[in-house]
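Proteins get letters first, then strands, A, B, ... in listed order; numbering begins at 1 in each.
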Amino acid sequence: MRTYSGHSTPEASNALYRQNLAKGQTGLSVAFDLPTQTGYDPDHPLAAGEVGKVGVPVAHLGDMRALFRDIPLDRMNTSMTINATAAWLFALYLALAEERGAPREKLAGTTQNDIVKEYLARGTFIFPPAHSMRLTCDLVTYAVEHVPEWNPINICSYHLQEAGATPVQELAYALVTAISVLDSVKARLGPGEAVARMGQVVGRISFFVNAGVRFIEEMCKVRAFGLAWDKVTRERYGVVDPKQRLFRYGVQVNSLGLTAAQPENNVIRIVLEMLAVTLSKNARARAIQLPAWNEALGLPRPIDQQWSLRAQQVLAFETDILEYGDLFDGSPVVAAEVERLLATAWTEVEHVLALGGALAAVESGYIKEQLVASNGERLSRIEKGEQVVVGVNRFTETEPSPLLGGGGGTGGDILTVNPEAEQAARERLAAWRAQRDAGKVKAALVALKRAATEGANVMPASIEAARAGVTTGEWAGALREVFGEYRAPTGIAHAAAPGGAPSTGDEIVRVRAEVKALGDLLGRGLKILVGKPGLDGHSNGAEQIALKARDAGFEVVYEGIRVTPAQIVASALQEGVHLVGLSILSGSHLELVPAIVEGLRKGGASHVPVVVGGIIPPADAKALLEAGVAQVFTPRDFDLTHIMHELVTLIRAAHPHA
Amino acid sequence: MPDTSLVALARGVMDRDRAAVAAALNLVEDRRASARGEVVRLLAALRKAGALEGGHRVGVTGPPGVGKSTLVAALMRELRRGGETVGVLAVDPSSVRSGGALLGDRTRIAPDPDDTGVFVRSLATAGELGGLAPSVPLGVLVLSAAFGVVVVETVGVGQSEIDVRQVVDTLVFVAQPGSGDALQYMKAGVMEVPDVLVVNKMDQDLAQRTVAELRGALSSLRAAGIAGREIPLVAVSARDGTGVGALAAALASHLAELASTGALAAGRRDGAVAWAMRAFVRRHGELGLARVGGEHALRGKVAQGIRAGKEVIEIIDGLLAPSS
């Protein structure tokens, strides 16, 4: 058991790790901050407000040393949630191990290294898909050869379901992702090596799956996963050893279905979701992480995390769940559902392969569109009451909850990050740059670029760069020069659901008339900008708002993820929008939003209302309103159509003389 | 808006003041009757200051998915490096029946937010059936008063692609590897013959072959008398920037050719006449056309107005006014 952690500074994270290890935790799970995940140093403009926020900043070997101070690498199992820059963080880890004299054969752990879901759901990609996949394969092939105990990739369908995937889609897109990785590795190894090593490579691949509250279907989904994986690895890659073909997976249960209304109900949802991946012995998860019950309200506190851990322990140690064989073998109901999921998913797998595989379907926007459409349908079912969410659209009457503080938030006791972490990281970076050998750095970067250009495995050159003192931003910058930078399709332009045909229903029709009437009054169609400032790539909220706004008749400028406050201001001014809507989930709203409000004011657009949506605690909401924000929306505001009505109202109020 | 404000607005546009350019574009998009007079006065002020002469208006068109936005972004960077200022009008056809639209192409343009030498504005087609919205030619005029090069990006299908021809000096058609159809359409006269042909995505397989095929087809187009001049074919990879310099050079050389033969001014005049006629019919219908004496008479009156330096809106509104 381990906790996904890391924050503020390498030193602070190191202290936390050693504390946890002293309490008997057996491994480490490192969370990196967004600048590290997207290849920026702490002094880059895009890193502003994000350093040390969702994880630890690691900008160079010195940070890596501090992060693992007094932790024996050869006796540690280290899991790193890192993707676009996985090869680099792995290189830093290997360089550190070498310094410490820890043999590579003894290094155990995991690099997440699954880039496909970054394009589709999580957003921390850097390079165009083909180049990213090449880096993925470089890490995989290097690890299989030199660091045999390392799990070089963990394929995550978890994030796909969070982005709206149905169980069938989760199954299908995880499989096509795995196929695209294995096909690329096979090609990179060459025919001779591939025969010798494919079994070994397949045996090192693991998955990270989601589980929703429809837990019977979810249980059938993980059973179907196992069967499909066995088939793919046997038939497509000729792996003969059944042990290497085993579907190894960990689970984080669904956060998407957790509600801000009556949040205590989430505990029950989480437990049911956990049953999905534990009930059937033949498809039981190897590791489970549970979200905190109040995740939709703000950053969980230690007590909230403890509650989630205790839920697992009650199931494992109090109940008899682990004492029986598989309960469902031979059940015709389960067999039929597994067969349905498998067949439907396999049809979609073949469709994507016919489109050219996962990478082609990422570049064309196909998969993203499917996910956005599914999520749109889900939200619309909830809005119409066709899908029951207890406490949200049915049984909404409630007693006051003693679990919530007076303000309706998490009780005012929210975990926050020390704002000085960013300044400290910048100073540490400057000091690091000042003491290293500039000639060596330059030579290492030249060698890295050469390896990237010539198609050699980038791992040796990256390890050399780590030794020379290259920084995360410099490593990624050199590869940005060679590979270029990628902006993914937003998936909303062609998303099927509310796309061509306007949706029906009294309220949306009413709002559409309001939008039209106000547009006529102001002389041109109402135009809004939906912005996602900062490095946080979780774009579901922004996408659904953009889709709903179009459905309501707004002209919507949506620029995708990872834009700076200055870019948002420039676009809002140039586009002449009537309102700016911002979505932020990384907790950086207090840094990013006021910069945008101020920028608009300086650009002569102080009359343009700015609204913010995200996980925003009440105290922060108050601060944002004081900074000039017109309205703050939180996950409690699930009725998107009603939000559209409020946007019209705000625009009308901003034009008192029209 | 009082005249003094409009003069100040015109001044701001010419100074490339971001807020002024945006306000001027808001004005030309404004559908209220009260805005028409203001648009005329704004354009008149710009024209009087000589701001509507010169410059280069470029149309970039092509089927969906060929990478037009990425190409426009790369071209914008290339022109900026050469010291040009660039205004982009991205005309988005994604309007749906709700009246809403998603203007998503900005994701690929991503200009430097601090650079006031570039400006990107997207326009929904506002429910026009085929064809560009009336605000497009007006927007081009406003941007051309502020920026050296104005790029109009639009999806090359049907009427909008014919319309864009009328508001630009140079029309660029973008094709991608594996698309040989475009030439067939040009040959059949279904599609406008462009001034510059671009094959994008040269980083892909098939690209070299497509270039060779298109070269062959272009020469047959010339042999058939459909294309009068030799159409330059530029192979680019908008993603990594290969060939974008050659595209900028091809655009500049087309402009120089137009300017040296007097075709630049004549082309702009003809384009304005064509727009005015269509706008007149759209506004006043067949009945209005009959009242001014039919198409030939309309063309004469419109051309006269354009030569006299009047604005299109002014001309078509004046034709049926009691005094005329």
In chain order, what residues pass the side-chain hydrogen bond (donor to acceptor under 3.5 Å, both in side chains) check against A:R652, with sequence neighbours excluded? none

With B:D15 via side-chain hydrogen bond (donor to acceptor under 3.5 Å, both in side chains) - residues at least two apart: none

Per-residue contact mode, [X] against chain B (heavy atom under 4.5 angstrom):
X	answer
A:K527	side chain
A:L521	backbone
A:E363	side chain
A:L522	backbone

Are the side chains of A:Q574 and B:V120 in touch, meaning some heavy atoms are under 4.5 Å apart? yes

Within residues 142-151 of chain B, the residues sitting under 4.5 Å from chain A by heavy atom, in sequence order, are none

CZ of B:R36: more than 12 outside heavy atoms within 6.0 angstrom? yes

Of the listed B:D17, B:N26, B:T116, the one with the largest count of heavy-atom pairs under 4.5 Å with chain A is B:N26

For [X] and [Y], work out which heavy atoms get closest and say how close.
X	Y	answer
A:A570	B:R18	CB-NH1, 3.6 Å
B:D30	A:G523	OD1-CA, 3.1 Å
B:P113	A:T564	CG-OG1, 4.4 Å

Would you call B:R31 and A:D520 a salt bridge, taking side-chain N to carboxylate O under 4.0 Å as the test? yes

Below 3.5 Å, can you tabulate the donor-acceptor pairs from side chains in residues 528-537 of chain A to any protein atom, sequence neighbours excluded?
| unit_1 | atom_1 | unit_2 | atom_2 | d |
| --- | --- | --- | --- | --- |
| A:K532 | NZ | A:D536 | OD2 | 2.8 |
| A:K532 | NZ | A:H538 | O | 3.4 |
| A:K532 | NZ | A:S583 | O | 3.2 |
| A:D536 | OD1 | A:H538 | N | 3.1 |
| A:D536 | OD1 | A:H538 | ND1 | 2.9 |
| A:D536 | OD2 | A:L585 | N | 3.1 |

